[in-house]
Amino acid sequence: ALLTVRRDLPAGNFSPFFSDSYVKVHRADIFMDYNRLLLENAFRLVYTLVRPEKHDKTGEKEKVYKLSYGKDLKLDGYQDVLCSYINNPHTNFVRRYARRLFLHLCGSKSHYYSVRDSWQYSSEVKRLYKHITKSGGFQNNPIPYERSVKIVKCLTTMAEVAAARPRNWQKYCLRHGDILSFLMNGIFYFGEESVIQTLKLLNFAFYTGKDVGQTSQKTESGDSSSTKSSISSQDSKKKKKGEDGAESGSEKSYLDMEAAVDVFTDKSGNTLKQFIDSFLLEWSSVT
């Protein structure tokens, strides 16, 4: 009797619905990751409908059929969904498509990061308010450990984004005047790690254009030649970013935060005195 040959791949050609690589990975059950496949193709379809017309090598325009409402796709209606996919760790597989579509809707990299950072700050601040409220407020000391871990996570995420783009953090602080007051009230009740992250946020709120990370790299390396080359490469990158639509060299990397200084001078200066006593005099005496 002849033995039948078992095929590793399902018979037939599944393109354009399934790529060859997808079929090879899902040879046992081609619909095992159907939800992931549908989401990826949904993003590709939307981007195809709204993307600008491309030119092929012969100079002729690629024919892209768009729906009538494709050109009227507004950012306000999609920024919450797209930012959620971009910042969700469980949707890494579709983050690239969400970024590409979101960047197209924003029009420039500077506006892209401005909207995305503002959305992330708002999300983290909501979580922060929620955790503090459930803990009984700042007066409920000490805060339960599980709740304090979540608070540290929110503050750390905000500090990382603020370190990358301080200007956007300053914009958010100016638009939401209560955030700095909230941080100043909480810094005297937070745990040590939360205090560190809060101090970083306050520092970036009054950022004046000096790159702290670059200064520390200079001190650690001590190599003037490498420093010059890194500065020149950074300048070239900034020029490229300006051409791509990001922050140009003429635009300042920081804002005037004089209006936010009131957070230290309210209550007859008691907040400033308490801040100095807690984080300057006390810490210096310990060290």
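There is no side-chain donor-acceptor pair under 3.5 Å between E124 and Q120. If you check the side chains of W169 and D117, you find no donor sitting under 3.5 Å from an acceptor.
Note on I86: it clusters hydrophobically with L105, by side-chain heavy-atom contacts below 4.5 Å among ILVMFWY residues. Taken together through direct or relayed side-chain contacts under 4.5 Å among Ile, Leu, Val, Met, Phe, Trp and Tyr, V149 and I132 form parts of separate hydrophobic clusters. Neither Y189 nor V152 shares a network with the other; the hydrophobic side chains, linked directly or stepwise wherever heavy atoms of I, L, V, M, F, W or Y lie under 4.5 Å apart, form separate groups for each.
For OH of Y113, the number of neighbouring non-hydrogen atoms (other residues, nucleotides, ligands) closer than 6.0 Å is 12 at most. Around OH of Y129, the count of heavy atoms belonging to other residues, nucleotides or ligands within 6.0 Å exceeds 12.
Checked for salt-bridge contact, K150 and E146 miss the test: no charged N lies under 4.0 Å from a carboxylate O.
Ring geometry for H176 versus Y172: interplanar angle under 30°, hence parallel rather than tilted (30 to 60°).
Of the possible polar contacts, none joining the S114 side chain to the H111 backbone as a donor-acceptor pair under 3.5 Å is found. A donor-acceptor pair is defined here as one N or O able to donate and one able to accept, closer than 3.5 Å; such a pair exists between the side chain of Y121 and the backbone of A162. Side-chain atoms of H104 come within 3.5 Å of backbone atoms of V50 as a donor-acceptor pair (strictly under, hydrogens ignored).
The closest side-chain heavy-atom distance from W119 to N87 is below 4.5 Å. Proximity of K134 to H131: side-chain heavy atoms (C-beta onward) are nowhere separated by under 4.5 Å. Within the 4.5 Å cutoff, side-chain heavy atoms of N168 are placed close to those of K171. In this structure, the side chains of L202 and I187 come closer than 4.5 Å at one or more pairs of heavy atoms.
Between Y85 and F43, the ring centre distance stays below 6.0 Å.
Remark: R100 qualifies as a cation-pi partner of Y47 under the 6.0 Å distance and 45° angle criteria applied to the six-membered ring.
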